[in-house]
Number of protein chains: 2
Amino acid sequence: MSTAEKTEILPTDIATETRQAPKRVRRSAEEARRLILDAAEKRLATQGPEGIRLQDIARDVGISHPAILHHFESREGLVRALIARTSAQFRDKMLGALQDRNGHQLEAGELIESVFEALSDRGTARLLSWMMLTDRLTEATSSRALMTEISNAIHSRRVKEAEKNAAPTPDREDTMFMAMLTANAAFGDAIIGRHLAEEAGLDHDGIIRFRRWFAQLLAEHAEHHDHQRKD
Amino acid sequence: MSTAEKTEILPTDIATETRQAPKRVRRSAEEARRLILDAAEKRLATQGPEGIRLQDIARDVGISHPAILHHFESREGLVRALIARTSAQFRDKMLGALQDRNGHQLEAGELIESVFEALSDRGTARLLSWMMLTDRLTEATSSRALMTEISNAIHSRRVKEAEKNAAPTPDREDTMFMAMLTANAAFGDAIIGRHLAEEAGLDHDGIIRFRRWFAQLLAEHAEHHDHQRKD
DNA sequence: GTAGATATTGACAATCATGTCAGTATAACA
DNA sequence: TGTTATACTGACATGATTGTCAATATCTAC
């Protein structure tokens, strides 16, 4: 059985008798790119940046590694495409969180929760921070003015709320700082949160409590300014 | 001049006439290790993780790359040593910030500022986040219970403050959350802060304002709880 | 069916980084 | 001054990974 098939049989025999149908799978370019990106993303999430190796990813998908190069030009092209896709997904999640499915706007606490949630996915956090570490901001054009956009949306709510309470109009920068703090904190949480929580002896509930606590902190801050006060 | 020295002269001649003293630099093991770590740190800061290549670092120091292997066993050994050193430095900075040079304790705002400051150094932030991204927490034993330690120090101050004001004793978890938030925010700031600030159109002063704003936010929160209130 | 486009492959090339080794130079010490 | 320990080097081995190329299989359109 060992050598029979390949050494004994002549080319003609191969063509006529022995040769089983090659059954090569052929996907659409789009489908192939998707599968490759999925595999790359998973590798990045589980093994970190060095886990993105063409051979390994090819094996995961069940193709040969030149196929990846065919679809993405180079390894760098693959990385760029992965960053672009993840950034876009993240952006969609964030913008989606601004309005729930009924078109209602989420309240601040839920919004904060969704920021943490979107980043807590291991792959996303790792990809974004890797992107920062390697100076690849360029390809993330899709999330360019994301924070400003969100900040503006929140600010207009605050202004309304303040008007309703006959309170002084909140400072735009104050809102921007709230957004920045949330972004920073969620990002930091995604990377060292687990470590810090473990060190502090916090279980899963503790982590949830922390997020609630943070949302509450910001809520109190906003209330303090946007509701009328005697001073 | 081109070939004269090396091709025409026989070994004996080399030994007697032409040979200039080899003047090989020989440092103490400690000194050599320090120089190598310095170079590696600089590479990491400017070029990211992939910048740590034995040949490049060797060239920076002015030695051959096997010399690095001689001192650190392997590339991985170098990375571990670098992580260990940076973690230890970070820890020292943090613990030092708890008490200024007069033995006085820094107040909260200054403490927060120093956390951000310590991490804003590009090398430190990059190294620590790279450490997280690649699951190398192990070698950072020196900063094991750092946050807990700091949190405890701050908490004891809060308790005193509350006693002084005849306010209810603050919750230990509340203080822990303040510490966690600060750590998360400083960490996130170190990685995406520059990007966010740019997007928001903040200049350097704006960044400083943000940190002050954050310190103020926490201060207000603590005051709100630790000073006696009518409710 | 035939033809053209292209997704896919195996084999190979080229580069590059880590690590090994035997030998050399230098400092410390007797 | 001679001996020893070891920091250091050049040349080479090794292995891994990206990238190239010609050939092949499969799909779509005519």
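Computed from a predicted model, the values in this text were never measured in an experiment. To find a chain, count down the sequence lines: A is the first, B the second, and so on, and within it residues start at 1.
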Whole-Å distance, B:L78 CG to C:dA17 C1', equals 14 Å

Go through residues 56-74 of chain A and report each residue with a non-hydrogen atom lying under 4.0 Å from DNA chain D, sorted by number. A:H65, A:P66, A:L69, A:S74

Charged N to carboxylate O under 4.0 angstrom, A:D60 versus A:K42? no

Under 3.5 Å, is there a donor-acceptor pair between the side chain of B:E199 and the main chain of A:L146? yes

Without decimals, in angstroms, what is the distance between A:L54 CG and D:dG19 P? 7 Å

Could you check how far CD of A:E31 sits from P of D:dC27, rounded to whole Å? 13 Å

Whole-Å distance between D:dT18 P and A:I36 CD1? 13 Å

Between the side-chain atoms of B:R24 and the base atoms of C:dT26, is any donor-acceptor pair under 3.5 Å? no

At under 4.0 Å between heavy atoms, what does A:R53 touch on the DNA or RNA strands: base, sugar-phosphate, or nothing? sugar-phosphate

In this structure, CZ of A:R126 is separated from CZ of A:R43 (nearest 0.5 Å) by 13.0 Å

Hey, is A:R91 close enough to A:E149 for a salt bridge, meaning N to O under 4.0 Å? yes

Whole-Å distance separating the CZ atom of B:R75 from the C1' atom of D:dA16: 14 Å

D:dT6 base / B:R26 side chain donor-acceptor hit below 3.5 Å: yes

Figure out the CD/P separation between A:E50 and D:dT18, and round it to whole Å. 12 Å

Out of curiosity, B:L128 CG to B:L119 CG, how far, rounded to the nearest 0.5 Å? 6.5 Å

So CZ of B:F90 and CG of B:L95: to nearest 0.5 Å the spacing works out to 10.0 Å

